[in-house]
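Report on one structure; see the data block that follows.
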Amino acid sequence: MPGSNSKSGGRGPSSSPLPHAMVPPTRPLRPSRYAPVSAAIFFLVGSTTLFFCFTCPWLSERFSVTVPIYNGVIFLFVLANFCMATFMDPGIFPRAEEDEDKEDDFRAPLYKTVEIRGIQVRMKWCSTCRFYRPPRCSHCSVCDNCVE
């Protein structure tokens, strides 16, 4: 075509006036990070619902009405703890910066005794995070960070 600036001569998907002729770019299939959490909640709530629908009526008739109440309270505790473990901050301690790391000797002692509120506390050196871990802190092999 004489008035066309396109290299393909006015033909191709970019010059098509029809919207259905456009092909969207393909995106690789990536699993969502919420898929495992959604599946776990589905199985937890689903199995508990089945238990309350089919087993609890028989248990309440045969034994006591307190059985479904007790199981309901336990279910709520389990669901609350699952949600807290899933959605709360795990207490990750940030790694030492490069300039902080230079002040510590390469052969830092494995333990360091520090006084906190008048109590002697022994802190262990974490070679991965490059700092002395506070009390009740350990290195997690899953997230590769020191967590409280």
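None of the values given here were measured: they were computed from a predicted structure.
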Show me the donor-acceptor pairs, under 3.5 Å and distance only, between side chains in residues 68-86 and residues at least two apart or in other chains.
from	atom 1	to	atom 2	distance (Å)
Asn71	ND2	Val67	O	3.0
Asn81	ND2	Phe77	O	3.1
Thr86	OG1	Phe82	O	2.7

Which atom names give the shortest non-hydrogen contact between Cys140 and Val147, and what distance separates them?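 Minimum heavy-atom separation between Cys140 and Val147: CB-CG2, 4.1 Å.
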Indicate the atoms forming the closest heavy-atom contact of Leu110 with Tyr132, along with that distance.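 Closest approach of Leu110 to Tyr132: O-CE2, 4.2 Å.
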Decide yes or no for [X] and [Y]: does some side-chain heavy atom of the first lie under 4.5 Å from some side-chain heavy atom of the second?
X	Y	value
Phe51	Leu59	yes
Arg133	Trp125	no
His139	Asp144	yes

Using side-chain contact (heavy atoms from CB on, under 4.5 Å) as the criterion, list what pairs up with Cys53, not counting sequence neighbours.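 Testing Cys53 for side-chain contact (heavy atoms from CB on, under 4.5 Å), a comparison that skips the adjacent residues, returns Thr49.
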Pro134: partners by side-chain contact (heavy atoms from CB on, under 4.5 Å), with sequence neighbours left out: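 Once residues adjacent in sequence are excluded, the partners of Pro134 under the side-chain contact (heavy atoms from CB on, under 4.5 Å) criterion are Phe93, Phe131, Cys137.
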Just verifying a value: how many Å separate Phe43 CZ and Ser38 OG, rounded to the nearest 0.5 Å?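 Separation between the atoms: 11.5 Å.
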